[in-house]
Amino acid sequence: MSFTSRRRFMEFAGSTLATLGLNSFNLLPKFDRYGKVLAQSTPRKLALLVGINQYKNDPLNGCVNDVIMQEMLLIHRFGFNPKDIVILTDKQATRQGILEAFEEHLIQQAKPGDVAVFHYSGHGSRVLDPNPIIGKSPIVDGTGLNGTFVPVDSSLPAGYPNVGGVVNDIMGHTLFLLMSAIQTEYFTAVLDSCFSGLKTRDFKVRSRDGGEKIEVSPQEKAYQQQWLSRLDMSPEEFVQGYQKGVARGVVLASAQPNELAKDMKILDFHVGIFSYLLTQYLWQNTGTPKSAIAYINEQIPQRLRQNPLYEVKIDSGYENDPMYFVQNQSPVANAVVMKTEGNQAQIWLRGLTVKQKAELKSGTLFNIVNSQLNSSGKVILKSRKELVGSATIEGNIEVGTLLSLSGVR
């Protein structure tokens with residue numbers, strides 16, 4: 001399958017890791033060997049991660065970084081094999097590309113008992129459904145507009161807002177149908193976008209304009225009808241299921257329907273505040289959807305007020321299950337060794353808080369956390385750029401070694 005080819009993975013890994021300064025060593029062969037050691041054979045763990053910065057009219061800054069943070073977390077804390085993670089960023093994340101990847105990678109491959117994850121970072125919007133399957137959506141302003149995800153190839157019509165038209169968005173209703181088609185109950189969606197707009201000097205909002213003049217495309221409605229037929233689901237059954245809640249597993253959302261999901265700069269890198277705090281918490285804690293959302297809501301500053309939430313399949317109790325439904329997680333950590341060459345290494349520093357990263361200095365010591373690999377010795381930081389540290393190795397340190405912050409040498 002095209003989305004899971006080794007060539008595609010290597011192309012993405014080479015380009016995205018290069019943006020973080022990880023292109024000076026031959027990383028991928030070592031990284032792949034580590035993934036084989038860490039990944040469990042059963043159940044299989046599959047992930048589709050989508051991040052879009054390069055919108056034509058209103059670009060964002062942190063969505064691709066969100067995807068990289070999620071990828072590293074899934075591999076090093078939750079045991080995903082790199083080959084089972086499909087990543088679509090920017091020009092790859094068209095409407096057709098996202099829907100095909102969801103079908104081919106998650107629906108067609110996930111079996112009962114497997115783990116499946118879908119992450120989306122990008123713009124959200126609200127548009128008119130001229131022929132709604134489930135009637136008007138009960139959103140806060142009572143307009144009946146429907147929430148959507150905005151692929152990279154979806155743009156507002158020329159002349160907006162004076163002129164209306166059709167957009168190439170993916171509706172939340174469509175995500176419900178796709179989730180319904182997945183065979184495993186152990187599904188998690190992480191959605192870092194919003195459905196209303198605002199801009200300030202120090203952050204952007206992950207929202208593209210919409211409104212009653214903007215309609216969902218006929219192709220989107222036809223796609224929904226195809227899935228109703230494939231699922232043998234009547235419109236009435238769809239209405240009942242949608243009104244009950246999520247179709248499978250857990251959905252983690254970055255903000256309430258009337259709030260703004262923030263895309264901002266933290267220290268020297270851009271991220272979604274929700275994705276940043278979620279991945280930070282999961283590097284440092286063995287948590288549940290309930291505990292993760294509680295932590296994030298405590299950490300978001302008042303001036304950035306957004307209230308992330310979770311929703312689980314009704315009467316499932318999944319809010320108290322381990323995150324991503326992974327029971328045997330790697331130890332909590334502050335960093336992981338990404339590359340080594342001689343006595344030099346590069347380390348991923350996502351498991352540190354903002355305060356800890358700001359206070360890092362040359363000589364900061366990291367100790368080994370896990371004994372799964374044949375590593376022994378110490379890692380001493382030399383410098384940090386964004387989420388990557390350059391370090392000196394003492395002893396035998398393998399790629400994939402988890403590290404904890406110790407002190408200053």
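When ring centroids are compared, Y318 and F325 come within the 6.0 Å threshold.
A donor-acceptor distance shorter than 3.5 angstrom exists from the side chain of T279 to the backbone of S275, with no hydrogens or angles considered. Remark: side-chain polar atoms of R384 are paired, donor with acceptor, to backbone N or O of E386 under 3.5 angstrom. Using modelled atom types, no side-chain atom of H76 and backbone atom of G400 make a donor-acceptor pair closer than 3.5 Å. Remark: side-chain polar atoms of D169 are not paired, donor with acceptor, to backbone N or O of V150 under 3.5 angstrom. Using a distance-only test at 3.5 Å, with no hydrogens or angles considered, a donor-acceptor pair links the side chain of S254 to the main chain of S193. Side-chain N or O atoms of T184 include none that pairs as donor or acceptor with a backbone N or O of P112 at under 3.5 Å. A distance-only check finds no donor-acceptor pair linking the side chain of E212 to the backbone of L128 [under 3.5 Å]. In this structure, D263 contributes its side chain and G62 its backbone to a donor-acceptor pair below 3.5 Å. Without hydrogens or angle criteria, N285 side chain to L282 main chain gives no donor-acceptor distance under 3.5 Å.
Judged purely by distance below 3.5 Å, without hydrogens or angles, the side chains of E100 and Q96 pair a donor atom with an acceptor atom. Between the side chains of N396 and S376, no donor-acceptor pair is found at a separation under 3.5 Å. In this model, no donor atom of one side chain and acceptor atom of the other lie less than 3.5 Å apart for Q280 and T353. No side-chain donor from either of H123 and S125 sits under 3.5 Å from a side-chain acceptor of the other.
Contact of the V117 side chain with the F80 side chain is registered, since non-hydrogen atoms from C-beta on lie closer than 4.5 Å. The shortest distance between side-chain heavy atoms of E398 and T340 does not fall below 4.5 Å. When side chains are defined from C-beta on, M171 does not count as touching Y223, because their heavy atoms never get closer than 4.5 Å.
Between Y242 and F238, the ring planes are perpendicular. Angles over 60° get that label, and only those under 30° would be called parallel.
Here the straight-line distance linking atom CH2 of W283 with atom CG of L352 works out to 10.0 Å at 0.5 Å rounding.
Other residues, nucleotides and ligands contribute more than 12 heavy atoms inside 6.0 Å of the OH atom of Y281. Counted within 6.0 Å of NZ on K382, heavy atoms from surrounding residues, nucleotides or ligands total more than 12; the atom is thus considered enclosed. Heavy-atom contacts from other residues, nucleotides or ligands closer than 6.0 Å to NZ of K378 number 12 or fewer.
Between R44 and D84 there is a salt bridge, with a side-chain nitrogen of the basic residue lying less than 4.0 Å from a carboxylate oxygen of the acidic one. A salt bridge does not link K56 with D153: every distance from a Lys NZ or Arg NE/NH1/NH2 to an Asp or Glu carboxylate oxygen is 4.0 Å or more.
Taking E319 as the reference, nothing meets the salt bridge (charged side-chain N to carboxylate O under 4.0 Å, His left out) condition, with sequence neighbours excluded. Scanning for ring pair (Phe, Tyr, Trp, His ring centres under 6.0 Å) contacts around F187 gives an empty result, with sequence neighbours left out.
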Item to check | Derivation and outcome, side chain to side chain contact (heavy atoms under 4.5 Å, CB included), residues Y55 and L60 | outcome: CA-CA 7 Å; Y55 289 101; L60 295 169; 4.0 Å; yes
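The side chain to side chain contact (heavy atoms under 4.5 Å, CB included) test with F118 is passed by exactly one of L191, V251, L49: L191.
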